[in-house]
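One structure is given below, encoded as structure tokens.
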There are 2 protein chains.
Amino acid sequence: MAPSVEQSATGTQAVDRAAALVSTVVHADAPLSFADLQEASGLAKSTTSRMLAALERGGLLERDPEGSYVAGSLFWLYAARHDPWEELVRLARPAMERIGEETSETVHLSVTRGEKVVQVAQVDSRYLLGTRDWTEIDVPAHTSALGKVFYAWGALPVPAHELERLTPTTITEPEALRHDGIRTRKRGWAVTDGELEVGLTGVAVPVQGARGDVVAALGISGPTPRLEDRLDEIGTNLSSHAEQLSRLLRGRAPKEGVA
Amino acid sequence: MAPSVEQSATGTQAVDRAAALVSTVVHADAPLSFADLQEASGLAKSTTSRMLAALERGGLLERDPEGSYVAGSLFWLYAARHDPWEELVRLARPAMERIGEETSETVHLSVTRGEKVVQVAQVDSRYLLGTRDWTEIDVPAHTSALGKVFYAWGALPVPAHELERLTPTTITEPEALRHDGIRTRKRGWAVTDGELEVGLTGVAVPVQGARGDVVAALGISGPTPRLEDRLDEIGTNLSSHAEQLSRLLRGRAPKEGVA
DNA sequence: GACCACAGTTCCACAACATGGAACAGGACG
DNA sequence: CGTCCTGTTCCATGTTGTGGAACTGTGGTC
């Protein structure tokens with residue numbers, strides 16, 4: 001619950017305590033009462049009171065109608081200015097870079113926007129022959145591994161109508177796509193094998209958001225010959241990274257830890 | 001040498017100063033250097049240094065690769081957990097309530113999701129005969145005043161194809177919709193007069209986001225007979241509220257302030 | 001209406017803590 | 001190798017934060 005109170009360096013006691021209070025409020029995303037905060041911080045009532053007042057004055061905290069404390073205007077100002085997936089990208093970047101190093105292929109991160117799937121980040125392959133920049137390019141969801149993740153985990157409804165054919169192996173029947181989704185879910189990762197472009201293989205896994213829903217897909221792509229024998233290994237690798245990322249999204253901030 | 005230091009109550013100097021630093025960083029949504037912050041706060045180098053270190057430790061600030069300060073993990077944690085328009089709704093609620101009182105009609109707030117327009121908040125009419133709860137209901141954008149706002153201000157592309165007809169007066173030609181948009185922009189507010197449902201009139205205005213783009217539409221709707229003679233008055237009223245809301249979104253928190 | 005219980009704020013004397021100047025360390029130039 | 005510029009650490013000083021206790025205000029109970 002409450003993040004461990006940091007060990008203050010010298011000369012920052014007040015600020016450290018104040019930061020701990022804010023942190024407590026933000027981490028608990030429900031409003032916290034004065035008593036909760038006093039207890040969580042272990043400070044004297046008077047100190048708590050003065051501090052909360054200062055934080056409120058500074059826009060870091062705010063009181064809801066019942067008088068409990070919630071994150072203040074600075075937080076919603078920030079949230080209003082930044083796309084939610086900006087944070088996702090930020091959190092995901094290190095993982096994507098590691099995946100890039102481990103697989104040497106191009107790494108993708110996608111989210112859904114409306115009924116479409118858009119890429120929000122990419123780390124390029126080490127090879128000359130690799131997938132180019134897909135960011136913001138529209139790829140039909142049923143042809144990419146990224147898109148299939150959303151279908152398979154129900155983050156996107158499978159269309160009722162016939163789907164566009166891009167290659168001989170593209171799945172065009174909704175029913176077939178649904179079946180592919182079932183297999184995908186069992187397997188834990190989605191794969192596209194020349195269904196988007198002949199010779200292009202992709203593998204992708206779901207990323208769970210704070211509430212357990214699938215908010216993004218993490219995957220790699222590259223030439224089929226380089227990938228076809230490593231699908232299992234890649235799928236497992238992606239899964240473990242995605243899981244870590246999910247944990248991050250669930251709320252634990254990446255502090256301390258040996259870099 | 002104290003430009004805009006907060007008025008501290010007794011015994012909260014350090015926290016007030018710290019909050020001011022965080023506030024400076026969040027308001028300037030570009031990274032700020034140590035020097036910027038030292039200058040903006042008017043504190044001694046040593047104090048600034050200690051304070052920034054404490055704030056960083058507490059997750060309120062963070063350093064980008066170049067060493068400049070940006071909002072810390074607590075902020076992105078918050079952003080990741082809260083929809084961006086949750087803040088919008090929050091900020092808009094008071095205005096919507098006042099509009100409801102002033103017009104006695106149902107008040108709506110919409111945003112675009114993909115190419116669709118969805119309602120995110122509503123304040124109900126005082127009358128028995130009024131618009132019902134539209135939240136999350138799909139209304140074709142070209143038939144509602146809310147939707148027309150997005151077309152008129154270019155937040156949504158006007159479709160190339162013929163549009164669905166819901167009533168005899170529904171605009172179905174893209175060209176006509178574009179023309180309607182021009183008139184709308186000149187006028188300052190969008191109107192739908194029985195184009196969605198016979199006898200239903202709606203008026204809506206744009207809400208500008210932090211970067212000046214149209215992020216939402218604010219409007220009212222009700223039975224035509226009650227509204228048709230008050231369109232001007234309503235449009236003006238909505239505009240002034242929307243403008244205030246826009247100012248809020250632009251970043252000035254609703255605190256004290258001489259101005 | 002008088003009573004008490006509880007939540008939060010203000011008061012105050014004390015000294016612990018934050019403070020800023022100066023010295024120090026680490027780059028980035030030339 | 002010196003100079004400049006940025007940020008951190010040191011340290012004596014006294015300002016500022018501290019917690020206990022007194023106070024205020026609100027709600028509940030008889």
Side-chain angles (χ1 to χ4, degrees), chain A residues 2 5-25 28 30-72 255-256 259, chain B residues 1-25 28 30-72 255-256:
Chain A
V5 186
E6 299 295 325
Q7 221 52 302
S8 24
T10 51
T12 49
Q13 193 197 64
V15 179
D16 280 323
R17 287 170 165 182
L21 282 172
V22 175
S23 179
T24 305
V25 171
L32 290 179
S33 70
F34 180 96
D36 292 335
L37 286 168
Q38 197 220 322
E39 152 131 54
S41 65
L43 301 172
K45 273 204 301 181
S46 51
T47 308
T48 310
S49 174
R50 248 179 297 116
M51 244 166 200
L52 291 175
L55 291 171
E56 196 179 344
R57 203 170 333 124
L60 283 166
L61 294 181
E62 197 154 293
R63 316 188 70 151
D64 68 4
E66 288 93 44
S68 292
Y69 289 88
V70 295
K255 285 273 108 166
E256 326 261 317
Chain B
M1 279 257 198
S4 60
V5 192
E6 298 296 321
Q7 218 56 296
S8 27
T10 51
T12 49
Q13 193 198 66
V15 179
D16 281 323
R17 287 170 165 182
L21 283 173
V22 175
S23 180
T24 305
V25 170
L32 291 179
S33 70
F34 181 97
D36 293 334
L37 286 167
Q38 198 221 322
E39 153 130 54
S41 65
L43 301 172
K45 273 202 303 182
S46 51
T47 307
T48 309
S49 173
R50 247 178 300 116
M51 234 160 213
L52 291 175
L55 291 171
E56 195 179 344
R57 205 171 332 125
L60 284 166
L61 293 182
E62 198 154 290
R63 316 190 68 152
D64 69 5
E66 287 93 44
S68 291
Y69 288 89
V70 295
K255 295 264 109 167
E256 341 226 327

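- Using a 4.0 Å heavy-atom distance criterion, A:A53 is classed as making no nucleic acid contact.
- Contact annotation: side chain of B:R50 to base of D:dG7, donor-acceptor pair absent below 3.5 Å.
- Rounding to whole angstrom units, CG of residue B:L52 and C1' of D:dT9 are separated by 15 Å.
- OP1 or OP2 of D:dG17 has not a single side-chain nitrogen or oxygen of A:R17 nearer than 4.0 Å.
- Using a 4.5 Å heavy-atom threshold, the side chains of B:T47 and B:R50 count as touching.
- Protein atom CG of A:D36 is 15 Å distant from nucleotide atom C1' of C:dC6, rounded to whole Å.
- You won't find any donor-acceptor pair under 3.5 Å spanning the side chain of B:S46 and the base of D:dG7, going by distance alone.
- A heavy-atom distance below 4.5 Å is not found between the side chains of A:M51 and A:L37.
- With hydrogens and angles ignored, the 3.5 Å screen pairs no side-chain donor or acceptor of B:Q38 with any backbone N or O of B:A44.
- Separating the CE atom of B:M51 from the P atom of D:dT16 is a distance of 11 Å, rounded to the nearest angstrom.
- Each of A:A35 and B:T47 has a nearest nucleotide on DNA chain C; the 5'-most of these lies closest to A:A35.
- When the P atom of C:dG27 is taken as reference, atom CD of B:E66 falls 16 Å away, rounded to whole Å.
- Without hydrogens or angle criteria, A:E62 side chain to A:E56 main chain gives no donor-acceptor distance under 3.5 Å.
- Residue A:S49 is the one, among A:S49 and B:K45, whose nearest nucleotide of DNA chain C lies closer to the 5' end (criterion: closest heavy atom).
- Heavy-atom distances to DNA chain D give each of A:T48 and B:R63 a nearest nucleotide, and the one nearer the 5′ end belongs to B:R63.
- Rounding to whole angstrom units, CG of residue B:D16 and P of C:dC17 are separated by 19 Å.
- If you take CZ of B:F34 and C1' of D:dT8, they are 8 Å apart, rounded to a whole angstrom.
- The shortest distance between side-chain heavy atoms of B:V22 and A:V22 does not fall below 4.5 Å.
- Regarding B:Q13, its CD atom lies at a distance of 8 Å from the C1' atom of D:dT15, rounded to whole Å.
- With rounding to whole Å, B:E39 atom CD is found 16 Å from D:dC5 atom C1'.
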